[in-house]
Protein chains: 2
Amino acid sequence: MSINREDGRPGRQGGAAFLLAQLGAHAAKLFAERIAGLDLTPAQAGLLRLLARTPGRSQRELADDLGMPPSRFVPFADELEERGLIERRKNPSDRRLYALHLTEQGESLLAELHKAGAAHEQQVCQALSPEEHQQLSALLRRMAEQHGLSPGVHPGYRSIRPDRPHVRSEQ
Amino acid sequence: MSINREDGRPGRQGGAAFLLAQLGAHAAKLFAERIAGLDLTPAQAGLLRLLARTPGRSQRELADDLGMPPSRFVPFADELEERGLIERRKNPSDRRLYALHLTEQGESLLAELHKAGAAHEQQVCQALSPEEHQQLSALLRRMAEQHGLSPGVHPGYRSIRPDRPHVRSEQ
DNA sequence: TATTGTTATACTCTATAACTATA
DNA sequence: TATAGTTATAGAGTATAACAATA
């Protein structure tokens with residue numbers, strides 16, 4: 001039942017691939033808006049999760065995982081450090097490296113983040129019954145695996161910004 | 001300790017919403033790469049499709065649909081016009097407006113675009129059986145409808161660029 | 001006076017590439 | 001010599017706002 005477009009053509013624009021991109025962008029936007037309430041961007045949330053999973057890694061490694069150049073990672077980490085969410089410890093075995101860790105405050109914000117993630121999941125899949133929700137997850141998991149997508153932070157994070165309300169620094 | 005995943009394995013991050021965003025970004029990237037072979041960006045493809053569906057609209061309307069400011073639409077349309085894919089006709093009833101149309105060349109490129117779209121659909125859903133593929137489409141359609149997403153061009157187009165190989169015009 | 005298309009400008013974002021300190 | 005972190009700079013991409021023509 002292709003409910004839309006009766007203009008002959010393949011009904012609703014595109015099939016699953018198009019819907020995937022459309023819904024994915026929408027979901028990413030909703031998530032960005034949601035965690036903006038925690039004063040976090042998706043990339044910042046991604047770093048917190050990476051540090052929760054594997055503490056003590058170097059900036060270079062983390063920058064690679066987040067898909068950003070090391071030079072951009074510096075001010076990125078600076079802000080989270082100033083906010084007391086992460087901590088740069090010196091790595092004693094190689095003094096060139098930092099070992100990044102979550103602070104206690106970072107851990108508790110991460111807990112908020114997990115709550116936000118659960119609410120987000122419900123919001124996005126609101127239209128589905130619990131069984132359908134599971135079905136969808138299973139299908140998507142298979143697809144992600146087949147495409148070699150890693151379970152971690154996804155690169156779509158890079159381009160999503162939470163419609164910032166024009167808070168310019170000075171001047 | 002991360003309350004993240006309890007199944008031992010670091011667990012795939014997130015549920016359906018996360019997978020949706022991840023796969024959606026991946027699909028959008030694949031599509032951008034594919035149509036880069038036609039010398040089109042996703043936004044350009046979007047305009048061609050809009051013009052095929054409803055010819056003769058004004059730049060302002062089209063810019064709105066594509067989610068770009070009118071000022072940005074001007075050079076955007078310029079390029080497609082120079083390439084002979086679209087045409088600016090004067091609207092006789094209101095001489096402030098242009099009426100944009102596809103050229104014949106634009107129509108035939110659109111046909112190529114549809115072929116690319118079909119191949120893309122297969123590539124993205126490769127992991128699924130035909131039945132599962134249909135299942136997925138149905139679930140996603142319901143979700144898109146519930147979220148009020150229109151069947152047309154989606155705004156995720158805005159941020160996807162096809163990793164351009166540094167082909168600068170002249171200079 | 002409002003609106004379309006256009007141009008100009010200013011600003012944000014980002015990557016590239018130097019620089020330092022360690023190895 | 002190579003690498004981690006940092007800083008500086010330049011370039012692309014963008015929106016904002018002024019402008020001319022028409023309504």
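Order of the sequence lines fixes the chain letters, A, B, ..., with proteins taken first and strands second; residue numbering starts at 1 for each chain.
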What is the distance, rounded to the nearest whole Å, between atom [atom1] of [X] and atom [atom2] of [N]?
X	N	atom1	atom2	result
B:Ile86	C:dG5	CD1	C1'	14 Å
A:Asp94	D:dA2	CG	P	17 Å
A:Lys90	C:dA23	NZ	P	9 Å
A:Asp64	D:dT3	CG	P	13 Å
B:Asn91	C:dG5	CG	C1'	13 Å
A:Glu79	C:dC13	CD	P	11 Å

[Y] and [X] side chains, donor-acceptor separation under 3.5 Å:
X	Y	answer
A:Arg34	A:Gln123	yes
B:Arg83	B:Gln105	no
B:Glu121	B:His133	yes

Quiz item: Would you say C:dA23 has OP1 or OP2 under 4.0 Å from some side-chain N or O of A:Arg95?
Solution: yes
Could I get a table of every N or O pair under 3.5 Å where one atom is in the protein and the other is in nucleotides 5-8 of chain D?
{"from": "D:dG5", "atom 1": "OP1", "to": "A:Gln59", "atom 2": "N", "distance (Å)": "3.0"}
{"from": "D:dG5", "atom 1": "OP1", "to": "A:Tyr98", "atom 2": "N", "distance (Å)": "3.1"}
{"from": "D:dG5", "atom 1": "OP2", "to": "A:Gln59", "atom 2": "N", "distance (Å)": "3.2"}
{"from": "D:dG5", "atom 1": "OP2", "to": "A:Arg60", "atom 2": "N", "distance (Å)": "2.6"}
{"from": "D:dT6", "atom 1": "OP2", "to": "A:Gln59", "atom 2": "OE1", "distance (Å)": "3.2"}
{"from": "D:dT6", "atom 1": "OP2", "to": "A:Gln59", "atom 2": "NE2", "distance (Å)": "2.8"}
{"from": "D:dT6", "atom 1": "OP2", "to": "A:Arg88", "atom 2": "NH2", "distance (Å)": "3.3"}

Practice problem: List for me each residue that meets side chain to side chain contact (heavy atoms under 4.5 Å, CB included) alongside B:Arg96, sequence neighbours excluded, and say none if there are none. | Solution: B:Asp94
Quiz item: If we only count heavy atoms from C-beta on, is the A:Glu131 to A:Gln134 side-chain gap below 4.5 Å?
Solution: no
Exercise. Please list all pairs passing the ring pair (Phe, Tyr, Trp, His ring centres under 6.0 Å) test where one or both residues lie in residues 60-83 of chain B, with sequence neighbours left out.
Key: B:Phe73-B:Phe76
